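Report on the following structure.
Keep in mind it's a predicted model, so treat the numbers as computed, not measured. Naming: A, B, ... by sequence-line order, numbering from 1 per chain.
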Amino acid sequence: MRLSKQLFVTLKEEPADAEVRSHALMARAGFLLKLSSGIYVYGPLLWRVLRKIEAIVREEHERVGAQELLMPAIQPRELWEDSGRWDHYVAEGILFHFKDRKGAEVCLGPTHEEVITTFAKRFIKSYKQLPITLFQIQTKFRDEIRPRFGLMRGREFIMKDAYSFDATAEDMAESYKMMREVYTRIFTRTGLRFMPVEADSGAIGGAGSEEFMVDAETGEDAIAVCRATGYAANVEKAVSRISEPEAATEKVDMHKEPTPNARTCEDLLALFPGLSITRLLKTVLYEVTIGEAKQVVAVMARGDREINEVKLINHLGALNAALATPDIVKRVTGAEVGFAGPIGLADEVRLLADSSVAGVEGFLCGGNETDTHYLDVWFGRDLEQPETVDLGTVQAGDSVVEGEGVIEITRGIEVGHIFQLGTKYSDSMKAVFAPEQGKQQPFHMGCYGIGISRVAASAIEQNHDENGMIWPVQIAPYSVLIVQMRVGDEAQDALAQELYDALEVAGIDVMWDDRKKVNPGAKFKDADLVGIPLRLVIGRDAADRKVEWNPRRGDDKSVLGFDEALAQAKAFIAS
RNA sequence: CGGGGUGUGGCUCAGCUUGGUAGAGCGCUGCGUUCGGGUCGCAGAGGUCGAAGGUUCAAAUCCUUUCACCCCGACCA
């Protein structure tokens with residue numbers, strides 16, 4: 001591609017609204033244009049990147065026999081009523097939905113379980129057709145609560161979604177394992193640093209699931225990892241062993257303590273300097289939506305632990321959980337926020353406890369009275385120990401559950417997510433097949449997603465410097481950039497043309513900066529910004545058939561003869 | 001949805017407090033100049049100041065309403 005004949009625009013200044021490097025650099029390099037919140041034009045160079053990612057994704061799916069298809073973006077409401085997800089998605093506000101001219105409600109697909117299940121129901125009738133895995137690469141629409149970070153969280157984005165259909169749970173596990181390998185190969189080929197982690201399955205539902213995380217400080221997800229044992233899990237899901245609570249030395253009667261304005265654990269520790277934070281039990285109030293109903297739930301946890309709302313929602317089978325408002329707190333505790341406790345709560349409140357409270361002795365907890373706490377409270381004596389379940393958030397320094405090791409918390413970007421759905425959708429949508437003998441059975445399904453556009457953004461997030469992007473060769477918009485210093489110089493024109501032709505013949509995609517009247521400095525700046533991995537500079541030594549070797553990453557510049565440069569370029573691209 | 005903020009040429013912003021000729025830098029066009037890290041000079045094009053209403057002799061500036069966008073929290077590839 002000759003740059004002089006292409007639309008190529010770069011900006012010196014970053015757009016004011018770019019929060020992360022990937023967004024700022026893509027905007028500066030003309031890769032994208034924001035049309036509206038979370039909605040972007042993908043420019044020609046970005047589109048090349050996306051197509052390269054798609055090509056890798058296609059190849060690796062087809063390698064294991066998955067078949068590509070394309071489902072509609074517009075989906076009828078009835079399908080979503082069948083699966084039972086319409087109300088949930090509408091309540092969350094995430095669904096773009098509208099009425100067609102006849103008044104029938106439709107939505108723009110945020111995901112395609114309903115459609116693929118309908119398709120399978122019609123076309124897969126027998127166990128003889130199983131297993132089958134189908135996939136598509138398509139635009140998804142989600143009216144995100146808060147779009148942000150450029151392509152990281154758009155309202156319209158490109159996603160690869162695959163679905164497996166199996167006769168039994170065991171077969172489904174096999175398909176899942178196969179797709180896990182497919183994902184590992186895909187992300188390895190994209191040149192990203194990534195790892196699979198155990199994950200919560202969220203609104204899509206189902207059992208086993210893992211996320212593929214690209215490690216990046218700007219990632220929105222926190223991940224608990226243990227180097228010693230290899231344990232890795234999203235903190236939404238992660239479990240750990242926590243330290244033992246301090247034992248109580250003496251068993252005195254429970255009594256009230258005045259605690260004016262002491263609303264937080266820090267306040268209370270300042271007030272009771274001798275007390276360990278492990279003998280302080282907090283009680284956090286949530287308003288939880290379960291089906292149509294709302295309920296107030298109080299969750300107890302040790303002072304040094306945080307409550308994990310995802311675990312809470314999953315445990316209760318709730319749609320969501322929000323911290324209770326001050327009005328609700330006042331209603332159920334009779335106190336201001338900060339003094340809630342397990343003793344004397346209103347009857348409407350359901351009391352739960354994180355497993356961290358088990359075994360805590362002689363503790364401090366809220367008094368359900370403003371400026372008052374109870375001290376020296378014992379389970380069994382002063383109140384019954386409530387149902388304890390794991391509702392805590394793993395913290396750095398916790399021990400792993402299996403084996404010996406300490407957990408660290410790192411951050412990552414979720415680029416892929418694989419699920420074992422089981423029969424969740426095939427049951428609700430009555431998608432069944434005839435087994436070898438006996439009654440018809442629902443499919444055992446798996447679903448597998450990759451955020452194509454997010455992969456592109458993650459690649460930049462992980463590979464850039466202060467001057468611009470640094471693309472991995474495999475997904476770079478072009479593999480090689482010929483930077484011609486002086487267009488119009490006969491020797492340079494001839495050598496650049498010869499190099500360009502030779503690279504094209506070798507099947508290497510090459511961009512040639514043959515713009516006239518652009519100063520060398522500007523060409524180098526643009527080259528740094530766009531981040532094509534290998535630059536070959538045609539300049540002052542062109543008359544001697546010399547080419548300058550100038551990779552974007554690292555600092556091993558050198559001057560090579562033409563043939564050597566060509567051979568080395570081929571090797572560079574192939575590696 | 002709650003809290004905070006911003007809307008002025010294509011981009012980044014100043015001007016608004018204290019009403020009176022709409023500005024700068026970058027980018028763009030032309031001519032010249034320069035030619036290995038965003039050269040320099042001259043000339044030029046380009047703006048219903050987010051929108052609507054109001055106050056006023058006069059509104060980018062003051063008031064009201066509204067829309068969009070951004071940031072902080074719950075969602076997810």
Side-chain angles (χ1 to χ4, degrees), chain A residues 9-19 23 27-28 30 33-39 53 57 88-89 91-95 110-111 137-162 183 199-204 211-214 219-221 234 236 286-287 289 309-310 312-313 319-323 325 412-419 447-458 467 483-489 492 516-529 537-542 548 550 557:
Chain A
V9 180
T10 57
L11 271 42
K12 280 187 185 171
E13 284 181 283
E14 291 179 0
D17 57 12
E19 274 295 301
H23 185 199
R28 271 191 62 205
L33 175 68
K34 186 170 82 187
L35 275 193
S36 179
S37 176
I39 297 175
I53 296 167
V57 167
H88 180 43
Y89 270 65
E92 288 287 328
I94 209 161
L95 199 64
T111 174
I137 296 175
Q138 201 223 28
T139 299
K140 294 280 188 277
F141 300 87
R142 294 182 190 173
D143 196 357
E144 290 285 347
I145 299 158
R146 190 147 95 80
R148 65 185 133 174
F149 301 154
L151 294 190
M152 288 295 182
R153 180 170 302 280
R155 295 196 292 168
E156 176 178 332
F157 61 98
I158 301 173
M159 178 169 165
K160 184 286 305 182
D161 45 324
Y183 272 43
D200 177 65
S201 21
I204 293 176
E211 291 163 333
F212 283 77
M213 293 284 187
V214 164
E220 293 186 80
D221 287 281
N234 193 309
E236 292 177 347
Y286 286 92
E287 187 178 42
T289 310
E309 289 179 18
V310 174
L312 177 64
I313 287 168
L319 293 178
N320 69 46
L323 275 179
T325 60
I413 301 164
E414 180 189 357
V415 289
H417 199 163
I418 57 180
F419 300 84
C447 88
Y448 317 89
I450 291 178
I452 301 286
S453 33
R454 189 180 277 182
V455 170
S458 307
N467 296 316
V483 189
Q484 187 181 344
M485 292 288 86
R486 198 161 175 174
V487 177
D489 175 282
Q492 289 191 24
K516 290 184 181 176
K517 298 216 165 196
V518 176
N519 282 294
K523 289 195 175 187
F524 284 127
K525 287 287 185 193
D526 281 343
D528 288 346
L529 178 60
V537 182
I538 302 290
R540 49 169 93 92
D541 300 325
E548 288 166 48
N550 184 203
K557 295 183 189 176

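Among the protein residues, A:Lys557 comes within range of the nucleic acid bases, having at least one heavy atom under 4.0 Å from a base atom. Contacts of A:Asp526 with the nucleic acid, taken as non-hydrogen atoms under 4.0 Å apart, include base atoms. When heavy atoms are screened at a 4.0 angstrom cut-off, A:Gly539 is found touching base atoms of the nucleic acid. At a threshold of 4.0 angstrom between heavy atoms, the contacts of A:Lys34 are confined to the sugar-phosphate backbone, with no base atom among them. No engagement by A:Gly488 is indicated, since no non-hydrogen atom pair under 4.0 Å with the nucleic acid exists.
One can place CD of A:Glu144 at 13 Å from P of B:A74, the figure rounded to the nearest angstrom. As rounded to whole Å, 16 Å separates atom P of B:U34 from atom CG of A:Asp489. Computed from coordinates, the A:Asn234 CG to B:C75 C1' distance equals 13 Å when rounded to whole Å. Atom CG in A:Asp143 sits roughly 14 Å away from atom P in B:C76 (whole-Å rounding). The interatomic distance linking A:Ile94 (CD1) with B:C75 (P) rounds to 10 Å, in whole Å. Here B:C75 presents its P atom at 7 Å from CD of A:Glu309, a figure rounded to the nearest Å. Going from atom CZ of A:Phe149 over to atom P of B:C76 covers 17 Å, rounded to whole Å. One interatomic measurement links the two molecules: CG of A:Leu11 to C1' of B:G27, which rounds to 8 Å at whole-angstrom precision.
Using C1' as the reference atom, B:A59 and B:G19 are 6 Å apart when rounded to the nearest Å. Distance check on atom P: B:U66 versus B:G2 gives 13 Å, rounded to whole Å. Between the P atoms of B:U39 and B:A22, the separation comes to 34 Å (whole Å). Rounded to whole Å, the C1' atom of B:G9 lies 6 Å from the corresponding atom of B:G46. Comparing the C1' positions of B:C75 and B:U18 gives an interatomic distance of 47 Å, to the nearest angstrom. Between B:C42 and B:G5, the two C1' atoms lie 42 Å apart (nearest whole Å). Between B:A24 and B:G47, the two C1' atoms lie 14 Å apart (nearest whole Å). Comparing the C1' positions of B:G7 and B:U61 gives a spacing of 14 Å, expressed to the nearest Å.
When all heavy atoms are compared, the tightest approach of A:Arg540 to A:Gln492 is N-NE2, 4.1 Å. Of all non-hydrogen atoms in A:Phe149 and A:Glu220, the two that sit nearest each other are CE1-CG, 3.9 Å. In terms of heavy-atom proximity, A:Arg28 sits nearest to A:Lys12 at NE-O, 3.6 Å.
No hydrogens or angles were tested; on distance alone, nothing pairs the side chain of A:Arg28 with the base of B:G27 as donor and acceptor under 3.5 Å. In the interface, the side chain of A:Arg153 is paired with the base of B:C76 through a donor and an acceptor atom under 3.5 Å apart.
For B:C71, neither phosphate oxygen OP1 nor OP2 lies less than 4.0 angstrom from any side-chain nitrogen or oxygen of A:Arg148. For the pair A:Arg146 and B:A74, the criterion of a side-chain N or O lying under 4.0 Å from OP1 or OP2 is not met. Contact check, A:Ser36 against B:A68: no side-chain N or O comes under 4.0 Å of OP1 or OP2. Phosphate contact (OP1/OP2 of B:C70, side-chain N/O of A:Ser37, threshold under 4.0 Å): present. Put simply, A:Lys517 has no side-chain N or O that comes within less than 4.0 Å of OP1 or OP2 on B:U34.
When the nucleotides B:A74, B:C76, B:A77 are ranked by their closest atom to the side chain of A:Ile145, B:A74 comes out on top. Residue A:Glu19 has its side chain nearest to B:C71 when only B:C75, B:C71, B:G36 are considered. Among the nucleotides B:C69, B:C75, B:C35, the one closest to the side chain of A:Arg155 is B:C69. Which of B:C35, B:G37, B:G38 sits closest to the side chain of A:Asp528 comes down to B:G37.
Looking at A:Arg153, its side chain never comes within 3.5 Å of a backbone N or O of A:Gly38 through a donor-acceptor pair. With hydrogens and angles ignored, the 3.5 Å screen pairs no side-chain donor or acceptor of A:Asn519 with any backbone N or O of A:Gly521. Panel note: side chain A:Tyr183, backbone A:Gly449; a donor-acceptor pair is recorded below 3.5 Å. No donor-acceptor pair closer than 3.5 Å links the side chain of A:Arg155 to the backbone N or O of A:Glu144. Side chain of A:Lys523 to backbone of A:Gln484: a donor-acceptor contact under 3.5 angstrom is found.
Nearest-nucleotide positions on RNA chain B for A:Glu220 and A:Glu548 put A:Glu548 closer to the 5' end. Both A:Met485 and A:Glu92 sit near RNA chain B, but only A:Met485 has its closest nucleotide nearer the 5' end.
The partner of B:G32 is B:C40, judged by Watson-Crick or G-U wobble contacts that both fall below 3.5 Å. Across all strands shown, B:C69 pairs with B:G5; the Watson-Crick or G-U wobble distances both stay below 3.5 Å. In a base pair of the Watson-Crick type (N1 to N3 plus N6-O4 or O6-N4) or a G-U wobble (N1-O2 and O6-N3), with each distance short of 3.5 Å, B:C62 is matched with B:G54.
Base orientation for B:U21: syn, the chi torsion being within 90° of 0.
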Contact list (N/O, under 3.5 angstrom) for nucleotides 12-14 of chain B vs protein:
{"residue": "B:U12", "atom": "OP1", "partner": "A:Ala16", "partner atom": "N", "Å": "3.0"}
{"residue": "B:U12", "atom": "O2'", "partner": "A:Glu13", "partner atom": "OE2", "Å": "3.2"}

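Residue A:Arg148 holds its CZ atom at 11.0 Å from OG of A:Ser37, rounded to the nearest 0.5 Å. Remark: A:Ile53 CD1 to A:Ile137 CD1 distance equals 10.0 Å, nearest 0.5 Å. Taking NE2 of A:His417 as the start and CZ of A:Phe212 as the end, the distance is 10.0 Å to the nearest 0.5 Å.
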Where protein sits on nucleotides 39-47 of chain B, one letter per nucleotide: B base, S sugar-phosphate only, - none, heavy atoms under 4.0 Å: B--------

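With centroids closer than 5.5 Å and planes inclined by less than 30 degrees as the test, A:Phe524 and the base of B:G38 fail to qualify as a stacked pair.
Looking at heavy atoms from C-beta onward, A:Glu548 lies out of side-chain contact with A:Val483 at the 4.5 angstrom threshold. Under the 4.5 Å side-chain criterion, counting only non-hydrogen atoms from C-beta, A:Cys447 is not in contact with A:Asp161.
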